[in-house]
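The block underneath contains the structure these notes are about, expressed in structure tokens.
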Amino acid sequence: MTALADRDWRLITDEARDGPTQMALEEIAGRTALEDDLRTVRVYSWEPGTLSLGYRQDPDSVDWEYCERAGIDVTRRQTGGGGIYHDRYADISYTIVAPADEVPGDLMDCYALFCEPILEAFARMGIDADFAGAEQESIYYPSCYLRDIHPAHDVVAPASAGADAKKLSGNAQYRQRDVVIQHGSLSYDLEPDHHVDVFDSDVTAETFVNRVTSIREQTSLDRETAVETVADSLREWCDATDGEWREDELEAARDLADRKYGADAWVRDREVLEAGSQ
């Protein structure tokens, strides 16, 4: 249990939602943390399948025609890094939201703190996962899972394999309005075709499989049990109470999704339409 457990936390085991709404909800959770003194941890999934772009990612790296044909949404995160394909089955996502003045000011110290429950969840699943013990060169930079693997922030398995370990989880963090938001993608299963075909590249599915592993590959756990394990670890880490989104939060998130995370101006150009703008 973290020292942050003496604050008020809620755990939301969320339903599947579209990508723009999922990104909007965590920004709204940041507002709740500051205004209502209520911090959030959550586990969630995406429907329909969604490509989330890193904050500074070039939209020209996306194969927009493929995404449209495959029914894959595209949104843009507040965090940096490469794009990640998410869906309702192969991906398990989480978010941690807390006021910035309650967590370490150093980015990597805060990152290590927030990754504690994720590494604990993998341990409970019986997976030998840890931050990478060796660097691996980038294969395709626009893709989160195919970027260079770095010991400071990439979670791999089996960790004992050293330079032969494969990436298991992508995690990122940002600070906004005096709040820290960390989110991450845990690979439950692999969808290599979607992971590479959403990009305008000649990277093959085989290349993806050679670099990335999954919970299903490392253990025999079914997805429901894996999700419960992640939720339990987050709950115990901060002593959270099971909760849900308030209606005003959902309404605010829908508005924010419409004018920001689902808008071409943000997704393609990182421009935000103010409330009431067309």
(request) Take Arg42 and Thr95 through the test side-chain hydrogen bond (donor to acceptor under 3.5 Å, both in side chains) and record every step on the way to the result. (result) CA-CA 5 Å; Arg42 69 164 178 152; Thr95 308; 3.2 Å; yes

Between the main-chain N or O of [Y] and the side-chain N or O of [X], is there a donor-acceptor pair closer than 3.5 Å?
{"X": "Tyr188", "Y": "Arg223", "result": "yes"}
{"X": "Arg77", "Y": "Gly80", "result": "yes"}
{"X": "Arg39", "Y": "Asp37", "result": "yes"}
{"X": "Gln57", "Y": "Gly83", "result": "yes"}
{"X": "Ser233", "Y": "Thr229", "result": "no"}
{"X": "Trp266", "Y": "Arg76", "result": "yes"}
{"X": "Trp46", "Y": "Ser93", "result": "no"}
{"X": "Gln136", "Y": "Ala163", "result": "yes"}
{"X": "Trp9", "Y": "Leu4", "result": "yes"}
{"X": "Asp91", "Y": "Asp87", "result": "no"}

Carboxylate-amine/guanidinium proximity below 4.0 Å for [X] and [Y]:
{"X": "Glu217", "Y": "Lys167", "result": "no"}
{"X": "Arg124", "Y": "Glu120", "result": "yes"}
{"X": "Lys166", "Y": "Asp164", "result": "no"}
{"X": "Asp197", "Y": "Arg69", "result": "no"}

Least distance between heavy atoms, [X] atom then [Y] atom:
{"X": "Asp109", "Y": "Asp106", "result": "N-OD2, 2.9 Å"}
{"X": "Asp18", "Y": "Pro48", "result": "CB-CD, 4.2 Å"}
{"X": "Arg175", "Y": "Pro104", "result": "NH2-O, 2.8 Å"}

(request) Start with the C-alpha distance between Arg235 and Asp242, add both sets of side-chain angles, then the distance that settles side-chain contact (heavy atoms from CB on, under 4.5 Å), and finish with yes or no. (result) CA-CA 8 Å; Arg235 182 191 296 109; Asp242 289 352; 2.9 Å; yes

(request) Please round to the nearest 0.5 Å and tell me the distance separating atom OG of Ser214 and atom CG of Leu186. (result)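 It comes to 11.0 Å.
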
(request) Starting at OH of Tyr85, measure out to CZ of Phe208 and round the result to the nearest 0.5 Å. (result) 11.0 Å

Within the supplied structure, the quantity of interest is the number of heavy atoms (other residues, nucleotides, ligands) at a distance under 6.0 Å from [X] [atom1]; does it exceed 12?
{"X": "Glu251", "atom1": "CD", "result": "no"}
{"X": "Glu137", "atom1": "CD", "result": "no"}
{"X": "Glu35", "atom1": "CD", "result": "yes"}
{"X": "Tyr141", "atom1": "OH", "result": "no"}

(request) Test Gln22 against every option in Thr75, Asp14, Thr50 by the side chain to side chain contact (heavy atoms under 4.5 Å, CB included) rule and name the one that passes. (result) Asp14

(request) Please report the C-alpha distance between Ser138 and Arg147 in whole Å, then the side-chain angles of each, then the deciding distance to 0.1 Å, and finally whether the side-chain hydrogen bond (donor to acceptor under 3.5 Å, both in side chains) criterion is met. (result) CA-CA 4 Å; Ser138 174; Arg147 285 189 167 200; over 6 Å; no

(request) Indicate the ring-plane relationship of Tyr140 and Phe199, choosing parallel, tilted or perpendicular according to the 30° and 60° boundaries. (result) perpendicular

